[in-house]
J.: 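Quick one: the structure is below, and I'll ask about it shortly.
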Amino acid sequence: SIIRKLIEKGMDVARIDVSNNKEKIVSHTIRNVKLASDSVPIFLDIPGNNIPLIKSWIRFAIKNDVDFIGLSNVKNAEDVIKINRFLGYNDIRQVIGGKIKVIIKINEESLRNYKEIIEESYGIIIDRNILTLGNKYEKLPRLQKIMVDECNKQGKPVIIGGQLLESMMRDKIPTKAEVYDVANAVLDKASCLMLSSGIEPGRYPIEALDTLSKIIKNVEASYKPTQE
């Protein structure tokens, strides 16, 4: 199956976007991932601001033994605390082992509070698809680096996604600029890189993941951090 092939090419976490999907379809996808491998965590990406729907999907995540949930409707640390309490946690330090971990997508509204959000969440996603800064694109690289540094400082995972290897939706070979983009994310010490925004249903999903994995491994093998 394509899921098994993706795992063989280096997929460490299976992200499932619940947008426009019914629970039956998502359940089927989860089963397929677990059949392919019992060691690949499930990441349920829950977009939007519909609170009742978000809570419904969180209950679904609990019922289906999901490992991570991703949320984009968070504005501040208090929102994260409310979500953790809904999951039964009174403190972020209780989120250990097999418990569901909350990953927050940083957007325009939450950007000003990113430090406190990082503190109260398990980790964050820097998704360049939703973090547009009102078309002030020149600020994005610096902000990405600042947030990655803050996550590393706090010991929290940071995922970078959005438009990674985007051209491989239609082409078998990435652009050189995309290769540098992936490499720089690794050099910035991102914890994880996320293929999204159409890569999965594109023409070359296996090749895209294989390319991503090769770039990451090559950079990590050759990079020697400076001694402080």
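Just so you know, these numbers use all the heavy atoms, side chains as well, and skip hydrogens, waters and symmetry mates. None of these values were measured; they are calculated from a predicted model.
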J.: Check whether any side-chain N or O of K101 sits under 3.5 Å from a backbone N or O of K99 as a donor-acceptor pair, and report yes or no.
T.: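 Answer holds: yes.
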J.: Begin from the C-alpha positions of D149 and K189 and carry the test side-chain contact (heavy atoms from CB on, under 4.5 Å) through to its verdict.
T.: CA-CA 8 Å; D149 287 347; K189 301 181 182 178; over 6 Å; no
J.: Where do T175 and S167 come nearest, in terms of heavy atoms and distance?
T.: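 Heavy atoms only, the tightest pair is N-OG, 3.8 Å.
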J.: Begin with the C-alpha distance, continue with both residues' side-chain angles, and end with the deciding distance and a verdict on side-chain contact (heavy atoms from CB on, under 4.5 Å) for K214 and K217.
T.: CA-CA 5 Å; K214 285 179 177 177; K217 288 177 181 178; 6.0 Å; no
J.: Where is the tightest heavy-atom contact between P174 and V179, given as atom of each residue plus distance?
T.: CG-CG2, 3.9 Å
J.: For D210 and S213, which I'm curious about, is there any donor-acceptor pair between the side chains at under 3.5 Å?
T.: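 No pair is found: no donor N or O on one side chain lies under 3.5 Å from an acceptor on the other.
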J.: Using every non-hydrogen atom in the two residues, find where A183 and I215 come nearest and quote the distance to one decimal.
T.: N-CG2, 4.0 Å
J.: Determine whether I2 and P205 make a side-chain contact, defined as any pair of heavy atoms from C-beta on separated by less than 4.5 Å.
T.: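 The answer is yes, as the side chains (C-beta and beyond) meet within the 4.5 Å cut-off.
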J.: Which heavy atom of Q163 sits nearest to which heavy atom of E166, and what is that distance?
T.: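 Between these two residues, the closest heavy atoms are CA-OE1, 3.3 Å.
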J.: Taking the side chain as everything from C-beta on, heavy atoms only, tell me whether P47 gets closer than 4.5 Å to V18.
T.: yes
J.: Consider only side-chain heavy atoms of I, L, V, M, F, W and Y, link residues closer than 4.5 Å, and tell whether I51 and L87 are in one cluster.
T.: yes
J.: Rounded at 0.5 Å granularity, tell me how far OG in S121 sits from CD1 in I81.
T.: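 The distance works out to 10.5 Å.
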J.: Do any N or O atoms from the side chain of K156 and from the backbone of E119 form a donor-acceptor pair under 3.5 angstrom?
T.: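 Present.
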J.: Checking side chain to side chain contact (heavy atoms under 4.5 Å, CB included) against I42, which of D67, V13, D65, V26 comes through?
T.: D67
J.: What distance separates S39 OG from D12 CG, expressed to the nearest 0.5 Å?
T.: 9.5 Å
J.: List the steps, then state whether side-chain contact (heavy atoms from CB on, under 4.5 Å) holds for Y89 with I100.
T.: CA-CA 10 Å; Y89 314 139; I100 292 179; 4.1 Å; yes
J.: Can you tell me if NZ on K9 sees more than 12 non-hydrogen neighbours from other groups inside 6.0 Å?
T.: no
J.: What pairs of donor and acceptor atoms, side-chain ones from residues 68-79 against any protein atom, are under 3.5 angstrom apart with sequence neighbours left out?
T.:
unit_1 : atom_1 : unit_2 : atom_2 : d
N76    : OD1    : E78    : N      : 3.2
N76    : OD1    : D79    : N      : 3.1
D79    : OD2    : K75    : N      : 2.9

J.: Identify the two heavy atoms, one from R15 and one from L195, that lie closest to each other, and give their separation to 0.1 Å.
T.: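 What the structure gives for the nearest pair is NH1-O, 4.2 Å.
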J.: I want to check something: taking the side chain as every heavy atom from C-beta on, are D127 and L131 in contact at a cut-off of under 4.5 Å?
T.: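 They are not in side-chain contact.
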J.: Of all the heavy-atom pairs spanning V80 and E120, show the shortest one and how long it is.
T.: CG1-O, 3.4 Å
J.: In this structure, are over 12 heavy atoms from other groups packed under 6.0 Å from I173 atom CD1?
T.: no
J.: Quick check on side chain to side chain contact (heavy atoms under 4.5 Å, CB included): which of I159, I160, L143 does V148 satisfy it with?
T.: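 The single option meeting the side chain to side chain contact (heavy atoms under 4.5 Å, CB included) with V148 is I160.
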J.: Is it the case that the side chain of N107 and the backbone of E109 share a donor-acceptor pair, with hydrogens and angles ignored and the cut-off at 3.5 Å?
T.: yes
J.: Atom CZ of residue position F86 - does it have more than 12 heavy atoms of other residues, nucleotides or ligands inside 6.0 Å?
T.: yes
